[in-house]
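Written below as structure tokens is the structure these notes are about.
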Number of protein chains: 2
Amino acid sequence: MKWDELKHEDCPVARGLSVIGDRWTMLVLRDCFLGIRRFDQIQARLGITRHVLADRLRKLEAENVLRREQYQDRPARFEYRLTDKGKALYPVLVSLIAWSEQNVPAEGESGISLLSRETGEKLRPVLTDAATGKPITHRSVTVRVKGG
Amino acid sequence: MKWDELKHEDCPVARGLSVIGDRWTMLVLRDCFLGIRRFDQIQARLGITRHVLADRLRKLEAENVLRREQYQDRPARFEYRLTDKGKALYPVLVSLIAWSEQNVPAEGESGISLLSRETGEKLRPVLTDAATGKPITHRSVTVRVKGG
DNA sequence: TTGACAGGTTCCAAAATAGAACTTAGTGAT
DNA sequence: ATCACTAAGTTCTATTTTGGAACCTGTCAA
């Protein structure tokens, strides 16, 4: 199978990755969540080639994860903002950060940390089920595989 | 920057992606969470080339996300099992599934669904802060960027 | 008229992936 | 003993994707 065919799969993991599973894509979105929205800024921070960045932004716009917005004319200049669909990726990003901080040690200092606006303390993300309020673990879930 | 250099970054997003951000890697892990542990089974389900699968499994073992375990000798046969570090990725996977189901419509039926073992209902994952029990959103979090 | 800024595009070389065939070590049937 | 089959890889070539650098366009300011 080719990567492009992923979007036609039934599995939600495959479909999700067809949108955000490309190299660099989640790092572009990280920058958008940090408020960095302009081509040159993202490119400089990531050290990604302009070529690839242009491609990723185009795809994310086509998928309605980012919205390309003109912030000045003459000359026309654009920035990229998260749509609601893009903002909905926040739990994925935060879960990834939490996993990394616990399981992938930094060589120096870890670059960013997330603080609760309410308590000022370091965030301790736990994925819970809305119905019960209890943490979701591998054990607390059954998987129903459809059509197979 | 090259993809391989990501692991030396300070940012936890970058470090995490250096482990699981490769093409196909999360799909391999999805299969492991579903209990599919053997080379040929994973390869057949994913339609990934054997070459790439062997490479991914090697890297995941090197990163201690999977453990290669012999399940018979004569001839020697191996399977791949999630380590604790691998199991800790469950919230990332579930968040991704939840995002996909809400934001990336399937063409036919969505392949799998997750049910609460306790209620039997469809899982509704919410990322909460352990300290307050409240949902984590873009708005409820402040980001501290270190050394910058 | 020269330089800077911003957001790209174009080109070529290097690296990764797709697809298929081949290898190795056994098992069981003919 | 020969053949077919299983499982877990490896090897090969062709195609795609990235990496890196240079170039293009429109506008302003010196």
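Only a predicted model underlies this, so the values are computations on that prediction, with no experimental measurement involved.
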Of the options C:dG7, C:dA16, D:dG9, whose atoms approach the side-chain atoms of B:Arg68 most closely?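 Looking only at heavy atoms from C-beta outward on B:Arg68, the closest nucleotide is D:dG9.
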To the side chain of B:Ala54, which of C:dT17, D:dT10, D:dT18 is closest?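 Nearest to the side-chain atoms of B:Ala54, counting from C-beta on, is D:dT10.
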Between A:Arg38 and B:Arg56, which residue's closest nucleotide on DNA chain C lies nearer the 5′ terminus?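 This one resolves to A:Arg38.
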Measure from [atom1] on [X] to [atom2] on [N] and round the result to the nearest Å.
{"X": "B:Tyr71", "N": "D:dA7", "atom1": "OH", "atom2": "P", "result": "6 Å"}
{"X": "A:Ile42", "N": "C:dG8", "atom1": "CD1", "atom2": "P", "result": "10 Å"}
{"X": "A:Asp22", "N": "C:dA16", "atom1": "CG", "atom2": "C1'", "result": "13 Å"}

Worked check of salt bridge (Lys or Arg N to Asp or Glu O under 4.0 Å) between B:Arg50 and B:Asp40: CA-CA 8 Å; B:Arg50 307 176 74 78; B:Asp40 275 24; 2.9 Å; yes
Nucleotide N/O to protein N/O under 3.5 Å, stretch nucleotides 20-30 of chain D:
| from | atom 1 | to | atom 2 | distance (Å) |
| --- | --- | --- | --- | --- |
| D:dG20 | OP2 | B:Met1 | N | 3.2 |
| D:dG26 | N2 | A:Arg77 | NH2 | 2.8 |

Residues that B:Arg38 engages under side chain to side chain contact (heavy atoms under 4.5 Å, CB included), provided they are two or more places apart: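 Once residues adjacent in sequence are excluded, the partners of B:Arg38 under the side chain to side chain contact (heavy atoms under 4.5 Å, CB included) criterion are B:Gln41, B:Tyr71, B:Glu79.
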Give me the atom names and distance for the closest heavy-atom approach of A:Ser113 to A:Lys122.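 Taking every non-hydrogen atom into account, CB-CE, 4.1 Å.
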Sequence-distant partners of B:Phe78, ring-ring contact (aromatic ring centres under 6.0 Å, His included), two or more places apart: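 Partners of B:Phe78 under the ring-ring contact (aromatic ring centres under 6.0 Å, His included) test: none.
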For A:Tyr90 and A:Phe33, take the angle between the two ring planes, folded into 0 to 90°, and tell me which bin it lands in: parallel under 30, tilted 30 to 60, perpendicular over 60.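 Tilted, since the angle between the ring planes falls between 30° and 60°.
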